Amino acid sequence: MVKVTGEDIIVKETKTVAGDRYVYFSLEMESLLREFQRECAWETETYDGRELEDSDYIFRRHGGRLPMTPSTFTWRFKLILKKHGLPPL
């Protein structure tokens, strides 16, 4: 996923031949992600009048199927660090 200033987010193939990447996380994180997915499903059914589909992004903009802007994660993480008095990235 790529976001260029002044343009829409685009989803494209990975740059490397390796392609797929694996992310390892704890069972607690898995539980939190599943809970968040259930919440997303409820919101989609309640507000969009449809079921959450496998092609929907879990981290997406409110009221739509578009993915969340990638820089949003970095921005929010920096806020968390600052709030807790931790050193910046």
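If you're wondering where the values come from, they're calculated on a predicted model, not measured in any experiment.
Ring planes of F36 and F59: parallel class, angle under 30° (limits at 30 and 60°).
With rounding to the nearest 0.5 Å, the separation of CD in E51 from CG in D56 is 11.0 Å. In this structure, R60 CZ and T69 OG1 are separated by 14.0 Å, a value rounded to the nearest 0.5 Å. In this structure, D48 CG and C40 SG are separated by 11.0 Å, a value rounded to the nearest 0.5 Å.
More than 12 heavy-atom neighbours from other residues, nucleotides or ligands sit within 6.0 angstrom of CG on L86. Atom CZ of F77 has 12 or fewer heavy atoms from other residues, nucleotides or ligands within 6.0 Å. Within 6.0 Å of the CD atom in Q37, the count of heavy atoms belonging to other residues, nucleotides or ligands does not exceed 12.
Each salt bridge (charged side-chain N to carboxylate O under 4.0 Å, His left out) pair with one or both residues in residues 22-38, not counting sequence neighbours, appears once here: E30-R34. The salt bridge (charged side-chain N to carboxylate O under 4.0 Å, His left out) pairs that include a residue from residues 68-85 number zero, where partners must be two or more places apart or lie in different chains.
Transitive grouping of hydrophobic side chains (ILVMFWY, heavy atoms separated by less than 4.5 Å) brings V23 and M29 into a common cluster. In the hydrophobic cluster analysis, where Ile, Leu, Val, Met, Phe, Trp and Tyr join through side-chain heavy atoms closer than 4.5 angstrom, M68 is grouped together with I58.
Under the 3.5 Å distance criterion, the side-chain polar atoms of S31 are left unmatched by any main-chain donor or acceptor of L27.
Under the ring-ring contact (aromatic ring centres under 6.0 Å, His included) criterion, Y57 pairs with no residue, sequence neighbours left out.
Side-chain contact between L52 and E45 is absent, with no heavy atoms from C-beta onward closer than 4.5 Å.
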